[in-house]
Q: 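Would you mind keeping the following structure in view while I ask a few things?
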2 protein chains.
Amino acid sequence: MARTRGAARAGSVSALDPLGFALDRGSPVPLYHQLAQQLEAAIADGSLAPGDLLGNEVDLSVRLGLSRPTVRQAIQSLVDKGLLVRRRGVGTQVVHSQVKRPLELSSLYDDLEAAGQGPTTRVVRNERVPAPADVAAALGVAEGAEVTVLERLRSTHGQPVAILCNYLPADLLDLDTARLEATGLYRMMRAVGITLHSAHQTVGARRATAGEGTRLDEQEGAALLTMQRTAYDDTGRAVEYGTHIYRASRYAFDFQLMVRS
Amino acid sequence: MARTRGAARAGSVSALDPLGFALDRGSPVPLYHQLAQQLEAAIADGSLAPGDLLGNEVDLSVRLGLSRPTVRQAIQSLVDKGLLVRRRGVGTQVVHSQVKRPLELSSLYDDLEAAGQGPTTRVVRNERVPAPADVAAALGVAEGAEVTVLERLRSTHGQPVAILCNYLPADLLDLDTARLEATGLYRMMRAVGITLHSAHQTVGARRATAGEGTRLDEQEGAALLTMQRTAYDDTGRAVEYGTHIYRASRYAFDFQLMVRS
DNA sequence: CAGTGGTCTAGACCACAGA
DNA sequence: CTGTGGTCTAGACCACTGA
């Protein structure tokens with residue numbers, strides 16, 4: 001349990017003395033956020049190494065010319081991101097082994113956003129239909145209410161990777177096929193003020209039917225990854241429900257879980 | 001966009017006037033947490049219905065005898081949980097459609113914790129070995145360092161469901177096989193002060209080999225769900241790395257994603 | 001014991017939403 | 001315009017850690 005780092009910084013209690021923090025009070029960006037961003041950058045570029053102590057909050061606030069609650073708010077946001085750890089009686093230090101990418105909803109954003117960015121997405125179907133029972137239940141609308149059904153084929157390097165089938169409440173937004181292929185569903189939703197907030201996913205596996213094999217360029221019986229998702233905006237409204245099928249030989253879900261304390 | 005609820009409460013701006021909030025200043029539980037718990041309970045039992053406004057924060061703090069920052073801290077924790085939505089200029093309201101279960105790390109906890117609770121887990125292997133290269137890399141220890149290797153067979157209703165293979169740094173804790181089957185890995189980690197914080201997972205699919213088929217009571221070539229995970233404690237230390245194989249016919253991952261703003 | 005983060009207060013001004 | 005949440009301040013005391 002010997003600590004091999006930390007003692008070498010003679011005369012300096014904190015690891016970030018030499019760092020220049022520039023806070024712009026005229027900026028519309030909140031001070032706590034400016035500080036958080038600069039701390040995060042210092043961690044990213046190695047100025048603050050894993051295990052380094054930040055120095056106590058009171059000193060920090062005095063040196064930065066901020067109040068302690070503001071400094072705490074900045075630190076807290078990084079703690080929430082998993083970059084820092086607080087220990088009462090000890091101090092705040094940089095987490096020992098950073099998790100590279102905090103891409104929580106990555107697969108979700110990928111699925112919704114990606115379009116023409118390397119992976120290409122072809123819209124196979126885009127129409128409005130009365131909601132079947134399962135879709136209506138998932139979206140929380142009346143059975144038979146008008147929903148948009150979207151079917152897309154996702155490819156990378158000219159190879160098909162996935163078949164994506166999505167349903168959205170029809171009154172949510174208009175989905176022009178050309179814009180959809182160019183912009184991506186996620187950005188079109190952002191553009192009309194819909195903020196994705198959470199999603200419920202079920203991931204399973206099964207073997208390909210003959211038809212799926214043909215469309216995905218796989219043998220019948222090949223292993224497929226399946227995913228069903230219902231996505232909600234920040235008011236808790238269901239805004240998307242879909243079933244996705246991926247070629248297991250070319251795709252895997254990769255994600256980060258965080259414990260909600 | 002007609003609002004069919006809310007106007008009926010004559011003479012009351014807020015939905016929680018009739019609610020009795022009991023704050024105990026002598027309790028070791030922080031005031032903001034007491035308030036958050038009681039608000040959450042009110043939402044859970046329907047006293048606060050989806051869409052209800054909470055009433056403005058200043059009034060609330062006066063009526064509760066708390067400062068506004070304290071009330072805000074309580075509200076913020078529920079916003080983070082996805083139970084409330086804040087809208088500047090409008091107010092704070094209960095989210096429209098609650099997500100039933102916020103079981104973020106469910107599969108992780110299930111995998112680590114479950115033991116004798118319906119699903120049974122038999123420890124097939126439990127020994128200490130020098131870390132192979134891939135395991136050493138995942139756990140952030142030196143290649144050849146001593147690690148505990150754990151292989152378990154998970155069953156429900158007498159049917160095998162999954163083969164779980166895990167590696168842990170050997171100095172982390174002692175894993176008595178009997179206690180492991182009775183208590184579960186997760187609880188044994190809690191008991192020695194390890195707090196799980198985050199995990200990185202990769203989920204894929206493939207077809208079963210002949211040997212896997214035999215052990216899982218499936219045909220050779222059956223669809224399998226595969227999962228690799230590295231779990232970290234709150235200091236960022238890797239505490240577990242494992243490869244799990246599930247029968248796709250009897251198991252699917254079911255989880256909730258939250259956007260980290 | 002001294003030092004740290006954890007909690008809390010009582011104000012202040014600003015930015016944005018909606019009538 | 002009024003009302004809301006968003007941000008910020010300058011203090012205070014407590015609980016825990018580790019020497």
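Values below: all heavy atoms of this structure, side chains included; hydrogens, waters and symmetry mates excluded. Order of the sequence lines fixes the chain letters, A, B, ..., with proteins taken first and strands second; residue numbering starts at 1 for each chain.
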Q: Whole Å only: how far is the CD atom of A:Gln76 from the C1' atom of D:dT7?
A: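 For the pair A:Gln76 CD and D:dT7 C1', the rounded distance is 16 Å.
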Q: Atom CG of B:Leu23 and atom P of C:dT7: how far apart are they, to the nearest Å?
A: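 Distance check: B:Leu23 CG to C:dT7 P gives 15 Å.
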Q: Using whole Å, report how far CD of A:Gln93 lies from C1' of C:dG5.
A: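 Rounded to whole Å, this separation is 13 Å.
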Q: Given atom CZ of A:Arg68 and atom P of D:dA12, what is their separation to the nearest angstrom?
A: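 A:Arg68 atom CZ is separated from D:dA12 atom P by 13 Å.
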Q: Taking the side chain of A:Gln73 as heavy atoms from C-beta outward, which of D:dT7, C:dT7, C:dC16 is closest to it?
A: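 My answer, after comparing the listed nucleotides, is D:dT7.
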Q: Round to the nearest Å and state the distance from B:Arg25 atom CZ to D:dC14 atom P.
A: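 Taking CZ of B:Arg25 and P of D:dC14, I get 13 Å after rounding.
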Q: Under the salt bridge (Lys or Arg N to Asp or Glu O under 4.0 Å) test, which residues partner A:Glu143, sequence neighbours left out?
A: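 Partners of A:Glu143 under the salt bridge (Lys or Arg N to Asp or Glu O under 4.0 Å) test: none.
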Q: Quick one: is C:dG5 close enough that its OP1 or OP2 comes under 4.0 Å of any side-chain N or O from A:Thr92?
A: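 Yes, such a contact exists.
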Q: Measure from CG on A:Leu60 to P on C:dG6 and round the result to the nearest Å.
A: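 Rounded to the whole Å, the gap is 14 Å.
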Q: What is the nucleic acid contact for B:Pro28, judged by heavy atoms within less than 4.0 Å: base, sugar-phosphate only, or nothing?
A: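 B:Pro28: no heavy atom of the nucleic acid under 4.0 Å.
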Q: From the options C:dG5, D:dT9, C:dA10, select the nucleotide whose nearest atom is closest to the side chain of A:Leu31.
A: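 Closest of the options to the side chain of A:Leu31: D:dT9.
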Q: Does anything in residues 23-43 of chain B form a salt bridge (Lys or Arg N to Asp or Glu O under 4.0 Å)? List the pairs, not counting sequence neighbours.
A: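 Listed once each, the pairs are B:Glu40-B:Lys81.
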Q: Please figure out whether A:Ser67 or B:Arg72 has its closest DNA chain D nucleotide nearer the 5' end.
A: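 Taking each residue's closest nucleotide, the earlier one in sequence belongs to B:Arg72.
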Q: Nearest heavy atom decides the nucleotide; on that basis, is A:Gly89 or A:Pro30 closer to the 5' end of DNA chain D?
A: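 Counting from the 5' end, the first nearest nucleotide belongs to A:Pro30.
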Q: Distance check needed: C:dG11 C1' versus B:Glu57 CD, whole Å only.
A: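 Result: 15 Å.
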Q: Under a 3.5 Å cutoff, is there a donor and acceptor pairing between the side chains of A:Asp254 and B:Thr202?
A: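 Note: A:Asp254 and B:Thr202 side chains meet the donor-acceptor criterion.
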Q: What is the distance from CZ of B:Arg88 to P of D:dG5, rounded to the nearest Å?
A: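 Going from CZ in B:Arg88 over to P in D:dG5 covers 11 Å.
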Q: Under 4.0 Å: is that the gap between some side-chain N or O of A:Arg87 and OP1 or OP2 of D:dT17?
A: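 No.
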Q: Quick one: is D:dT7 close enough that its OP1 or OP2 comes under 4.0 Å of any side-chain N or O from A:Tyr32?
A: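 A:Tyr32 to D:dT7 OP1/OP2: side-chain N or O found under 4.0 Å.
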Q: Determine the sole option in A:Val71, A:Leu66, A:Leu64 for which the side chain to side chain contact (heavy atoms under 4.5 Å, CB included) test with A:Leu31 is passed.
A: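 Answer to the side chain to side chain contact (heavy atoms under 4.5 Å, CB included) test with A:Leu31 among A:Val71, A:Leu66, A:Leu64: A:Leu66.
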Q: Is there a side-chain polar atom (N or O) of B:Arg86 under 4.0 Å from OP1 or OP2 of D:dG6?
A: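 Yes.
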Q: Can you find a pair of side-chain heavy atoms, one from A:Leu173 and one from A:Leu168, that are under 4.5 Å apart?
A: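 With C-beta onward as the side chain, the pair touches.
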Q: OP1 or OP2 of C:dG3 sitting under 4.0 Å from any side-chain N/O of A:Asn56?
A: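 It does not, given that no N or O in the side chain of A:Asn56 lies less than 4.0 Å from OP1 or OP2 of C:dG3.
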Q: Within less than 4.0 Å of OP1 or OP2 of D:dT9, is there a side-chain N or O belonging to A:Thr70?
A: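 Yes, A:Thr70 has a side-chain N/O under 4.0 Å of OP1/OP2 on D:dT9.
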